[in-house]
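In what follows, a single structure is set out as structure tokens and then discussed.
The analysis underlying the following values was restricted to heavy atoms, covering all of them including side chains, and did not include hydrogens, waters or symmetry mates.
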Amino acid sequence: MSGHGTPIPMTSRRAGPLKGVANVPGDKSISHRSLILGAMAVGETRITGLLEGEDVLDTAKAMQAFGAEVINHGGGEWSVFGVGVGGFGEPENVIDCGNSGTGVRLIMGAMATSPITATFTGDASLNKRPMARVTDPLALFGARSVGRDGGRLPMTIVGAADPVPVRYTVPVPSAQVKSAVLLAGLNAPGKTVVIEREATRDHSERMLAGFGAEVTVEDTDEGRVITLTGRPELKPQVIAVPRDPSSAAFPVCAALVTPGSDVLVPGIGLNPTRAGLFATLRDMGADLTYENEREEGGEPVADLRARYSPDMRGIEVPPQRAASMIDEYPVLSVVAAFARGTTLMAGVKELRVKESDRIDAMARGLRANGVTVEEGEDWWSVEGCGPDNVPGGQTCESFLDHRIAMSFMVMGMGAQNPVSVDDGTPIATSFPIFERLMGDLGAQISRDNS
Ligand code: S3P
């Protein structure tokens, strides 16, 4: 579990250009879903390229607690022996999901239509995050929940003994909520319908279909209508987890702001529900190209090539793109500081309820390091300093948020003075090889705040 150990301050400073190949780890969203759907199938699901970050390891432990057998063969190869839809047993202990909103929300959905009770907790970040967005729709299936004030963890879910299918319009753009409802719908008889007004990442729909569930998706005036037929027998799968575009964002953005850089990030999924950052960077004038475009496992994939880009300009990021790059705004705001002109990011209220309030966390750190930031409840803007004029020189708080910590490490690579974070330990939740990978490219990240 993250955030409970001794904080490790980290500092990133300008070094030479970043050069080479960055093999980033497996996709976090797909890794969680591989374990959970594997646990709900009957028989052995084999997974290669699983992200072995703390978030996903906490989900693996949780699946064991619900009765699945999970085996780590080493080198990213895992097996899950599933217990079937409706086959979860009652865990003996509290389920600790660490830092992971995806883990806890998806698992709550997966258990909510079985006649079992489970109590969930997490670290100080997760225990502040809103869970009513998941427990509200789960109540429609017949599940009950008791949590702390404001619908926070620790929280107990009493699964529905006689679940009924639901029709639910997701009130916020959230793939976690959509996925929790779909996973709950697996063990409800009849058809569960989820409607989302804005398309969010569609890994659950794709993977449910891959596991043999009957899922249809229709684009209508109401939005995307996803219909799942309950009580399927899920068939175990062989899954090769693609590399994570949200992790690729860090070496890509680091190359764009570090003079002389040329970095190749191979095998990155360009699923349109995830690739908004790369389109935005290209709109800003970044030298970012897609090489060797291909299809793998039904998903568009390319090798990303990012080169130093001193001529980037600020833009208005289209709000309708927000869901497809929601995790990438922190590092985009760092790139915006190295561009010329203003970058406006609107329609991003959800950033306030991530692992941290990401607008607040980034605004504080950027301002401390000499960058002008303005913000409202659901928007923020960054005044570019130009490629060679970002002052840096200060320590930022990472607020138990991996993406905040990594974003400020990227800032230090191009800024005039080193940039530090008070605690780099959260990086291990999603990108445990970050320091080594960036170091191999030529970055200078040290574990101190001098
Ligand atoms: C995720 C959905 C997003 C994203 C998170 C992963 C997922 O969260 O921020 O990192 O795997 O479903 P929301 O559903 O809260 O938008």
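- Applying the side chain to side chain contact (heavy atoms under 4.5 Å, CB included) rule to A118 yields the partners F66, P91, M111, F120; only residues at least two apart in sequence or on another chain are considered.
- Remark: T258 engages L18, S261, M413 in a side chain to side chain contact (heavy atoms under 4.5 Å, CB included) (not counting sequence neighbours).
- At a threshold of 4.5 Å between non-hydrogen side-chain atoms, the residues M345 and M325 do not count as touching.
- Within the 4.5 Å cutoff, the side chain of R294 has heavy atoms near those of the D303 side chain.
- Under the 4.0 Å criterion applied to side-chain N and carboxylate O atoms, E328 and R321 are not assigned as salt-bridge partners.
- Under the 4.5 Å side-chain criterion, counting only non-hydrogen atoms from C-beta, R358 is not in contact with W380.
- Side-chain contact between V134 and V104: absent, with no pair of heavy atoms (C-beta onward) separated by less than 4.5 Å.
- Between E350 and R133 there is a salt bridge, since a side-chain N of the basic residue sits under 4.0 Å from a carboxylate O of the acidic one.
- Cation-pi geometry between R282 and Y290 is met: the NZ or CZ atom falls under 6.0 Å from the ring centre, inside 45° of the normal.
- For residues 383-393, every residue pair satisfying the salt bridge (charged side-chain N to carboxylate O under 4.0 Å, His left out) rule, not counting sequence neighbours, is listed here: R14-D388.
- Between C253 and L281, the closest side-chain pair of non-hydrogen atoms falls below 4.5 Å.
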Practice item. Determine, step by step, whether S246 and K28 satisfy the side chain to side chain donor-acceptor pair (under 3.5 Å) criterion, reporting the C-alpha distance in whole Å, the side-chain angles of both residues, the deciding distance to 0.1 Å, and the verdict. Key: CA-CA 9 Å; S246 299; K28 183 150 71 75; over 6 Å; no
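- In the model, T102 has no side-chain atom that pairs as donor or acceptor with a side-chain atom of H32 under 3.5 Å.
- Look at R436 and D440 and you find no salt bridge, because none of the NZ, NE, NH1 or NH2 atoms lies under 4.0 Å from a carboxylate O.
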